4 protein chains.
Amino acid sequence: MSNKIGNKVSVSIFGQSHSAAIGCVIEGLPAGFRPNIERIQADLDRRRGGKNRYSTQRKESDIPEIISGLVGGYTCGAPLCAIFPNADTKSNDYANLRDIPRPGHADYTAYVKTKGYNDIRGGGEYSGRLTLPLTFAGALIKQILEEKGIYIGAHIASIGLISDSLYDPVYLTRQDLEPNPFPTIDSDSGIAMEEYMTAIAEDGDSAGGIIECAAIGVPAGLGSPMFEGIEGEIAKIIFGIPAIKGIEFGAGFDVSRMKGSENNDPFEYDNGKVVTSTNNAGGILGGITNGMPIIFRCAVKPTPSIAKEQNSVSLSGAVNVPLKITGRHDPCIVPRAVPVVEAACAIAIINQL
Amino acid sequence: MSNKIGNKVSVSIFGQSHSAAIGCVIEGLPAGFRPNIERIQADLDRRRGGKNRYSTQRKESDIPEIISGLVGGYTCGAPLCAIFPNADTKSNDYANLRDIPRPGHADYTAYVKTKGYNDIRGGGEYSGRLTLPLTFAGALIKQILEEKGIYIGAHIASIGLISDSLYDPVYLTRQDLEPNPFPTIDSDSGIAMEEYMTAIAEDGDSAGGIIECAAIGVPAGLGSPMFEGIEGEIAKIIFGIPAIKGIEFGAGFDVSRMKGSENNDPFEYDNGKVVTSTNNAGGILGGITNGMPIIFRCAVKPTPSIAKEQNSVSLSGAVNVPLKITGRHDPCIVPRAVPVVEAACAIAIINQL
Amino acid sequence: MSNKIGNKVSVSIFGQSHSAAIGCVIEGLPAGFRPNIERIQADLDRRRGGKNRYSTQRKESDIPEIISGLVGGYTCGAPLCAIFPNADTKSNDYANLRDIPRPGHADYTAYVKTKGYNDIRGGGEYSGRLTLPLTFAGALIKQILEEKGIYIGAHIASIGLISDSLYDPVYLTRQDLEPNPFPTIDSDSGIAMEEYMTAIAEDGDSAGGIIECAAIGVPAGLGSPMFEGIEGEIAKIIFGIPAIKGIEFGAGFDVSRMKGSENNDPFEYDNGKVVTSTNNAGGILGGITNGMPIIFRCAVKPTPSIAKEQNSVSLSGAVNVPLKITGRHDPCIVPRAVPVVEAACAIAIINQL
Amino acid sequence: MSNKIGNKVSVSIFGQSHSAAIGCVIEGLPAGFRPNIERIQADLDRRRGGKNRYSTQRKESDIPEIISGLVGGYTCGAPLCAIFPNADTKSNDYANLRDIPRPGHADYTAYVKTKGYNDIRGGGEYSGRLTLPLTFAGALIKQILEEKGIYIGAHIASIGLISDSLYDPVYLTRQDLEPNPFPTIDSDSGIAMEEYMTAIAEDGDSAGGIIECAAIGVPAGLGSPMFEGIEGEIAKIIFGIPAIKGIEFGAGFDVSRMKGSENNDPFEYDNGKVVTSTNNAGGILGGITNGMPIIFRCAVKPTPSIAKEQNSVSLSGAVNVPLKITGRHDPCIVPRAVPVVEAACAIAIINQL
């Protein structure tokens, strides 16, 4: 049982939504690296979301306290620990959830796993808030990767039925990966998504979506066949993000409908470098990078906490009961999850270098 | 770099397509278990495929030699090693592939990774043949799981555009998971798939598909939040199977288009047991099992080796060249991959008990 | 590179001697356990040492802030993170140590490893202060072990040439493992050791010693042959304590001078239970516990920081230079290391259950 | 539970003394390395021992069959699996040992661990025969280390009360590490040891000893503080060798009797390189190499199988019974363990590079 990921550069996450603090320990960072704290904060702010109808009303500054591993601004080779105090915690909102588990949440499964001792306040360790230290770690690691010419970005591929364009899998540039204020490629798509999220919030419901992530500049030859292939390494971390229910690389599930002659990416020389003229493989062949952009998409389920009444059970009474969740919740976490997916990707890639 | 998976019951795979043998080492098996070797062989035979137009012509008996870990038919607590000699190897077929990598294969990425020292014969360690010891390990482990009331099965959800029915995610029974001669739920779908594969083989092309896998009887409360969640653990092993490019759990990518009120699985009591009336979660909430069937689907890409001419490069000449692959290859590995997916699922689940 | 130990119940240590704080993350604790914080503090106080001539003059309260994993006094199943702020840090004492490494210290090796970016202040992550969170973790884990009837204790077997009695390896009781104010079995030995440490401190020198540790109540059958044997698991953690240079189990190095007929521990029945009439094996045969007390001794080197002038080098000048270390340091850490060794033993054992 | 060691270059051991074969899987080897098989065989022959009164009479060729990972004599990047068939197995010798455990052996602990399903024949997986694939792996890895200028050697420091000289910890050369026919530095010591072993064999008893091992050319800066320090990494593998009961580095247990001013190794410049003028640290400070020879000694217990009658128990009858072991056994495994210790050291070091 571990909230730790990575063998070379590892990230351990700790904390619960309403514990004194949450945080992470990053081990294996190179000594002598000077992280740009402002840029890390920018990613944390992207994750925090803005003031709008479709984001949580919880007020947290989300400013890290780096309590070890950094001396005079430089990594010193010791594990870097950063913590984020939990300030705005209204724990009494959650009193009856221990008895009546919320559908789609981990309330019931955590109850069974811990025999009822799980921290129910704010979702405990199952809260999306735990993605904050994950984003911190990933944002720092992205900077190390950039020094090696590796750039990572993500955008919303869809929310509900509204789609964004997808990344060009062959000619993707660093420019394309820069974050937008609302993380879509097409601004029209973004506007439609914002309208949809506002409407669904007013209806007391929630929405899911798909996030597409890419990494460029990853050298060919990283990874391994079978159990340490790149797809599996990325997938394991991505599924560590709460609410992810699917992942696909390159052409993904579409490969099931393609013929080999359509799916195979032809090799060709481009200025003396071996490239592929298409990128259905998403940059990965046999679990190993081929030098093309790594591209994957992951499915985010709609926020389980909705205002509409739902059917649930009373565990104490062993009877079916209706449940009405009060309090404010994000009707859609997809926009806020974009930098989290980038962070997960960064952690996966640095462990392959 | 490791071909090993699992912390409690681990499986290490070794060998190349044309090395003296391939095999696996299974550690952590309980002592005193008596595996049914015939039933293991039945799974190996399912994986081997029959005599038909759409399966490889390589002749191998696929009978394991168990060289350690079993005494008098019972596991003795020591690592169990099984090997499969490679008999029918025509290594000269592969001579020029080191120079001209096959599109969609690991030839190029393995070349870069090993600086050209990779075993090119028969695909080396990237060959689908490596799924043979994986299937062996999984077939043995499935028997241990069955003693705990856990049953695993899989079927072809689609090949090309031809779909099978899907498992009933709520009322799935042990009966439903029994293997069919051709692994579809609907025999009509199976017949159409076989016709399609034969046709595509005659056209010198290949087909991909989707495999759906389920596990029933898994108790609630297994798994962990974040990086050791059940989805990630299963995904990591499934992506260890060559040719897998995507995985989704429960409603999978469809969650992106659902509202929370549609996706949330309501809890209810059924004979004193907490169940959900739908199973969009695929049996997993917060990375932890909820007692409902675990259900996932994975996308299999079309076999990269096709008879049609393709564009590739000569690595020695640094020029673009056409490539025509000779020899016989499976035009579709999806049917043979069904017991492999079951095996991967079994390994993932036993490591959560 | 990792400061994490343990697969089932893991402990990660972070922090440097003069960072904002040090701490640990403990994963895999059972949910619903209520640690006795006062008893943990008692172990932290044993490690802190008293007001005497032979202990460091650094003033720290050594009171943990538990920032996650505990709800209402009970473990909740989430990783438990505890931090200890570093208050009394006089970092300017260490300015020139980056250039002139102290003999016997990690100054030079850390310099090479981190290319000079290591945190030199107070020994950085190589400081004995890092044993504080280790002791915390072990003290908590000892309580869990006690609920299973397993008791752990340690005492000073020797400091310099002054020896204590050793534990009775066969008839050791819980009573024998209770901590004494000065951790020797014989009070006369303790008095002699204290006098010796005071004298050696006045001489500007330092002393080493041997600590003996035992665990009783450990059931037979834990552990594994070869690389996961109990001896190796304990040794790996014990060598994680700075200053340890040797470890031996049971008769230890004396086995080299014994005959088989002397060393073999005869089996016999004692009230229906299989025991051995001697315990040269230290409770471990073939890497597996045999139900007898687990007993080991470890060698602690004399504190490297001494007042006497020593020969060293100036790394900047590439010349030999004399070094005179100022500031106050423990002339002997052996008494303070006793609860640390117990902690390491506890972590090793809980990971075998 | 695992017989696997190493994160970068890992070695998994499998097999039992009388299973069809024993073997190992080595993962993480660099591709394109051409091992010298004859030199590997030389180490296997050193471990096999000669024709004399004090070595086992079991006849095995100990010639490896390399069944994967090697193509045309070069490593191909895939896991390298080597197996050794077990030919000369007389399994009926061991029939009653399941009921009457041999003192000093793992018979009883294995029985408890496996509920009696352990392979009792020839010691099963607890047999010293399992050190054969370990020696194979280490011998191969030593060759890779030699290409990096790292040389490893070991000798018998003592058998019973007869001592050899020790390595010069500062001025140790590659020449000094070359294997002798009988592995002592002083030939007189060797002769005395051989006489002693012959005498003790005739007396139906057995002898233990100490092996000293050294590695030169290891660059400074390898390793980590705390739980991944070099001492712990080496110790964990060394304790994986059956019969080892203690390990000490550099001055080892003697540090307990030294003052800081005696134990600290002064730094000095030697031809522009930082060295220490003594080497009490055994080449390791703060868990990290300092560039001086790595030196450690380990204690080997006397072979538990002796001809003299011993006290044991009948597990079936729950009564005390005398035991007389028949068959031939090594009266002292120390000479044969010398290349095994070298192998373990090599595996530890390559995982630090």
Side-chain angles (χ1 to χ4, degrees), chain C residues 1-3 5 103-104 106 109 112-113 125-126 158 160-161 205-206 208-210 220-221 224-229 231-232 235-236 239-240 245-246 248-249 252-253 255-257 259-261 263-269 274 285-286 288 290 299 301-304 306 308 310-313 320, chain D residues 1-3 5 103-104 106 109 112-113 125-126 158 161 205-206 208-210 220-221 224-229 231-232 235-236 239-240 245-246 248-249 252-253 255-261 263-269 274 285-286 288 290 299 301-304 306 308 310-313 320:
Chain C
M1 190 188 326
S2 176
N3 274 347
I5 195 79
T109 55
V112 175
K113 181 180 172 66
E125 63 172 319
Y126 302 83
S158 69
L161 295 168
D205 216 325
S206 65
I210 295 174
S224 297
M226 300 205 79
F227 304 129
E228 295 200 346
E231 289 107 332
K236 186 163 167 42
F239 280 117
K245 296 303 280 187
E248 60 177 11
F249 293 83
F253 275 86
V255 297
S256 68
R257 290 178 287 274
K259 297 178 184 173
S261 58
N263 180 57
N264 286 349
D265 300 309
F267 289 109
E268 63 181 29
Y269 271 97
V274 174
L285 286 171
I288 302 175
N290 67 1
K301 74 179 184 185
T303 321
I306 56 176
K308 285 180 191 294
Q310 301 177 83
N311 292 335
S312 186
V313 294
N320 297 344
Chain D
M1 190 189 325
S2 177
N3 274 349
I5 195 78
T109 55
V112 174
K113 181 180 172 65
E125 64 173 319
Y126 301 83
S158 69
L161 295 169
D205 215 326
S206 64
I210 295 175
S224 297
M226 299 203 81
F227 303 129
E228 295 199 346
E231 290 106 332
K236 187 164 165 40
F239 280 117
K245 296 303 279 187
E248 60 177 11
F249 293 83
F253 275 85
V255 298
S256 69
R257 289 177 290 273
M258 296 164 83
K259 296 178 184 173
S261 58
N263 179 57
N264 286 349
D265 301 308
F267 289 109
E268 63 181 28
Y269 271 98
V274 175
L285 286 171
I288 301 175
N290 66 2
K301 73 178 184 187
T303 320
I306 55 175
K308 285 182 191 291
Q310 300 177 83
N311 291 334
S312 186
V313 293
N320 297 344

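What's counted below: heavy atoms across the whole structure, side chains too, no hydrogens, waters or symmetry copies. Numbers restart at 1 for each chain; the letters A, B, ... are given by sequence-line order, proteins then strands. This is a predicted model, so every value here is computed, not measured.
- In terms of heavy-atom pairs under 4.5 Å with chain C, the best-connected choice from Thr303(D), Ile288(D), Leu161(D) is Ile288(D).
- The closest side-chain donor-acceptor pair between Thr109(D) and Asn290(C), if any, does not fall under 3.5 angstrom.
- One finds the CZ atom of Phe253(D) at 5.5 Å from the CD1 atom of Ile210(C) (value rounded to the nearest 0.5 Å).
- Between Gly260(D) and Pro302(C), the shortest heavy-atom contact is N-CB, 3.4 Å.
- Rounding to the nearest 0.5 Å places CE of Met258(D) at 10.5 Å from OG of Ser206(C).
- The distance from atom CD of Gln310(C) to atom CG of Asn264(D), rounded to the nearest 0.5 Å, is 4.5 Å.
- Summarising the geometry, atom CG belonging to Asn311(C) is positioned 12.0 Å from atom CG belonging to Asp265(D); distances are rounded to the nearest 0.5 Å.
- Between chain C and the residues Ala235(D), Pro304(D), Ala220(D), the most heavy-atom pairs under 4.5 angstrom are made by Pro304(D).
- Contacts of Ile5(D) with chain C are made by both backbone and side-chain atoms, with heavy-atom separations under 4.5 Å.
- Taking the centre of each ring, Phe249(D) and Phe239(C) come in below the 6.0 Å mark.
- Contact tally against chain D (heavy-atom pairs below 4.5 Å) for Gly221(C), Pro103(C), Ser312(C): the top residue is Pro103(C).
- Chain D forms the most heavy-atom pairs under 4.5 Å with one residue out of Gly252(C), Gly160(C), Gly229(C), and that residue is Gly160(C).
- Interface remark: of the candidates Ser256(C), Gly246(C), Gly240(C), Ser256(C) forms the most heavy-atom pairs closer than 4.5 Å to chain D.
- If you measure heavy-atom distances from Lys259(C) to chain D, the contacts under 4.5 Å come from both the backbone and the side chain.
- Lys245(C) and Glu248(D) are not joined by a salt bridge, as no carboxylate oxygen comes within less than 4.0 angstrom of a charged side-chain nitrogen.
- Expressed to the nearest 0.5 Å, how far OH of Tyr269(D) lies from CG of Asn320(C) amounts to 8.5 Å.
- Across all non-hydrogen atoms, the minimal contact from Ala106(C) to Gly286(D) is CB-CA, 3.9 Å.
- Going from atom NZ of Lys236(D) over to atom CD of Glu228(C) covers 5.5 Å, rounded to the nearest 0.5 Å.
- No donor-acceptor pair closer than 3.5 Å links the side chain of Lys113(D) to the backbone N or O of Ser224(C).
- Met226(D) and Asn3(C) get closest at one heavy-atom pair: CB-OD1, 3.4 Å.
- Counting all heavy atoms, side chain and backbone alike, Val255(C) lies closest to Lys301(D) at CG2-CA, 3.7 Å.
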